[in-house]
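As structure tokens, the structure follows; a few thoughts come after it.
A note on names: the letters A, B, ... follow the listed sequences, proteins ahead of strands, and every chain is numbered from 1.
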Number of protein chains: 2
Amino acid sequence: MPIVPPSPLLALLETMQPLSAELRAELERLMRREQLPRGTHLLEPGHVAHRLYFVERGVVRGFYLKDGREVSSWFMKENDFIISIVSFFTQTPSLEYVELLEDATLWSLSYGQLQHLYQQFPEFNSIGRRLTENYYVLSERRTLNLRLQSAPARYDQLLTDFPAIFQRVPLKHIASHLGLTPETLSRLRGRR
Amino acid sequence: MPIVPPSPLLALLETMQPLSAELRAELERLMRREQLPRGTHLLEPGHVAHRLYFVERGVVRGFYLKDGREVSSWFMKENDFIISIVSFFTQTPSLEYVELLEDATLWSLSYGQLQHLYQQFPEFNSIGRRLTENYYVLSERRTLNLRLQSAPARYDQLLTDFPAIFQRVPLKHIASHLGLTPETLSRLRGRR
DNA sequence: CACCGAACTTGATCTGCGTCAATTTCGCCT
DNA sequence: AGGCGAAATTGACGCAGATCAAGTTCGGTG
């Protein structure tokens with residue numbers, strides 16, 4: 001039994017759908033609290049993503065290597081769920097890194113435990129389905145941006161959509177997320 | 001009661017999870033068969049995606065306009081489900097077109113009916129969740145390809161992953177899907 | 001089967017962004 | 001506070017792919 005219950009997580013789930021006492025208790029029993037320092041890799045290529053994470057505090061990024069260079073595909077923060085989509089859902093080895101950009105407090109659950117929850121509490125499938133839909137929508141919007149906008153427009157968009165990111169993530173990571181080199185991003189920022 | 005039951009759809013769902021007789025009957029009652037000619041737009045920008053489609057026969061594409069030019073984001077075919085992710089899940093106006101590239105036979109269901117099924121048959125949430133996960137994985141793989149591969153590598157990848165697409169989709173649409181102009185794709189194909 | 005418009009190819013030129021290299025600035029640790 | 005390595009900026013140059021333009025081939029229709 002955890003000393004601290006995963007309250008931010010439970011609070012979030014509760015806003016989506018009332019949780020039965022049993023489901024609540026089972027979540028509290030299974031969720032594991034992890035305090036980890038900046039720089040920790042939650043996942044590396046070749047490994048299967050065994051756990052789902054919920055971020056109580058911190059910023060996390062997913063990235064890939066494209067011939068030796070890091071390409072950041074996403075950033076997540078407080079109150080976000082984190083999984084490496086392909087590896088976790090297919091339970092096959094990842095191509096992706098998942099890295100903490102700040103000291104973080106996370107809650108985690110194994111793949112097997114999650115499947116068990118889905119079986120044991122059918123109503124939990126509805127929550128899982130809607131969370132998956134929400135993140136899928138987020139991912140589609142990100143991809144759309146990459147496809148449809150010019151480099152300056154992608155930068156401006158990020159600046160208006162997620163201004164806070166610039167306070168917490170180094171520009172070189174933002175650059176690769178926008179599909180640019182740090183040099184090009186720097187020049188974009190300098191334009192007037 | 002439809003003259004023809006949506007058997008390919010039910011067969012597919014049945015492989016994922018046994019369907020109760022009631023759920024089966026409700027699906028048969030609600031699913032609407034549509035035979036539509038090539039060129040039909042299932043969705044246009046500004047409209048909310050009200051229906052989910054299942055493809056019994058035909059090829060369908062999703063595309064956007066990027067300053068006057070079409071950018072194809074996906075292609076789907078027999079036994080695929082089709083929705084415009086952002087618009088359908090958020091029930092907000094679409095930016096996307098959805099167009100039939102061949103004469104097609106589709107089965108469809110409205111957003112409201114789907115929500116009703118989720119409520120009425122809790123076990124249906126599990127099917128919905130897993131289908132959403134599968135398509136999310138597909139979408140992530142597509143995006144990854146765009147991000148990490150060079151233009152020639154993206155072409156080669158598509159050629160090995162979905163060779164059949166080249167028989168059924170005009171090259172100009174494949175070009176924009178790969179993030180290229182038709183001219184550049186043509187030159188890529190001519191290289192030796 | 002011939003026609004017409006769309007799809008595809010081929011060529012010439014242009015350009016946005018990448019690459020490589022050299023500073024400058026920042027942020028963290030002692 | 002000072003110093004060191006990483007991050008960001010700035011400059012010069014090159015190239016992959018876009019653009020514009022002119023054929024050529026393909027496919028559907030009368």
Side-chain angles (χ1 to χ4, degrees), chain A residues 37-41 58-59 61 63-72 75 97 99-104 145-159 163 165-192, chain B residues 36-41 58-59 61 63-72 75 97 99-104 145-159 165-192:
Chain A
R38 160 225 285 261
T40 302
H41 284 184
V59 166
R61 71 164 176 140
F63 70 97
Y64 293 85
L65 289 185
K66 174 181 184 173
D67 32 66
R69 303 171 115 76
E70 299 182 358
V71 178
S72 297
F75 304 100
Y97 290 83
E99 181 191 52
L100 304 186
L101 293 180
E102 301 176 349
D103 296 348
N145 240 27
L146 259 191
R147 269 188 178 284
L148 297 188
Q149 313 260 56
S150 67
R154 295 201 294 274
Y155 172 71
D156 293 340
Q157 181 93 24
L158 191 66
L159 202 55
I165 205 182
F166 293 88
Q167 265 62 68
R168 302 176 74 177
V169 175
L171 286 173
K172 61 171 182 168
H173 294 153
I174 293 177
S176 76
H177 180 244
L178 294 172
L180 300 172
T181 59
E183 292 92 329
T184 301
L185 177 58
S186 174
R187 282 184 252 267
L188 274 183
R189 286 160 54 82
R191 96 202 115 117
R192 65 218 68 234
Chain B
L36 296 166
R38 159 223 287 259
T40 302
H41 284 184
V59 166
R61 72 166 177 141
F63 70 96
Y64 294 85
L65 289 184
K66 174 180 187 175
D67 31 65
R69 304 170 115 75
E70 298 182 358
V71 178
S72 297
F75 304 100
Y97 290 83
E99 180 190 54
L100 305 187
L101 293 181
E102 302 176 349
D103 296 349
N145 239 28
L146 258 191
R147 268 189 180 283
L148 297 188
Q149 313 261 54
S150 67
R154 294 201 295 274
Y155 172 71
D156 292 340
Q157 182 93 23
L158 191 65
L159 204 52
I165 206 182
F166 293 89
Q167 265 63 68
R168 301 176 73 177
V169 175
L171 286 174
K172 61 171 185 171
H173 295 152
I174 293 177
S176 76
H177 181 244
L178 293 172
L180 300 172
T181 58
E183 292 92 331
T184 300
L185 178 58
S186 174
R187 283 185 251 269
L188 274 183
R189 287 161 54 83
R191 96 201 117 121
R192 64 217 69 232

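- Looking only at distances, a side-chain donor or acceptor of A:R147 sits under 3.5 Å from a matching main-chain atom of B:H177.
- At least one donor-acceptor pair under 3.5 Å links the side chain of B:S176 to the backbone N or O of B:S72.
- Contacts between chain A and DNA chain C, taken as any atom within less than 4.0 angstrom of a protein heavy atom, begin and end at C:dC17 to C:dC28.
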Test A:F63 against A:H173 for side chain to side chain contact (heavy atoms under 4.5 Å, CB included), laying out the working first. CA-CA 9 Å; A:F63 70 97; A:H173 294 153; over 6 Å; no
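- For A:R168 and D:dA7, the CZ to P distance is 18 Å, given to the nearest whole Å.
- For CZ of A:R38, the number of neighbouring non-hydrogen atoms (other residues, nucleotides, ligands) closer than 6.0 Å is 12 at most.
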Contact string for nucleotides 16-28 of chain D, one letter per nucleotide 5' to 3', B = base within protein heavy-atom range under 4.0 Å, S = sugar-phosphate only, - = neither, reads -SSBB-------S
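- Across all their heavy atoms, A:K66 and B:Q149 have their closest contact at NZ-O, 4.4 Å.
- When all heavy atoms of A:L100 and A:P37 are compared, the pair lying nearest together is CD1-O, 3.7 Å.
- What you find for B:A104 and B:G58 is that their closest heavy atoms are CB-CA, 4.2 Å.
- What you find for A:I174 and A:F166 is that their closest heavy atoms are CD1-CD2, 3.6 Å.
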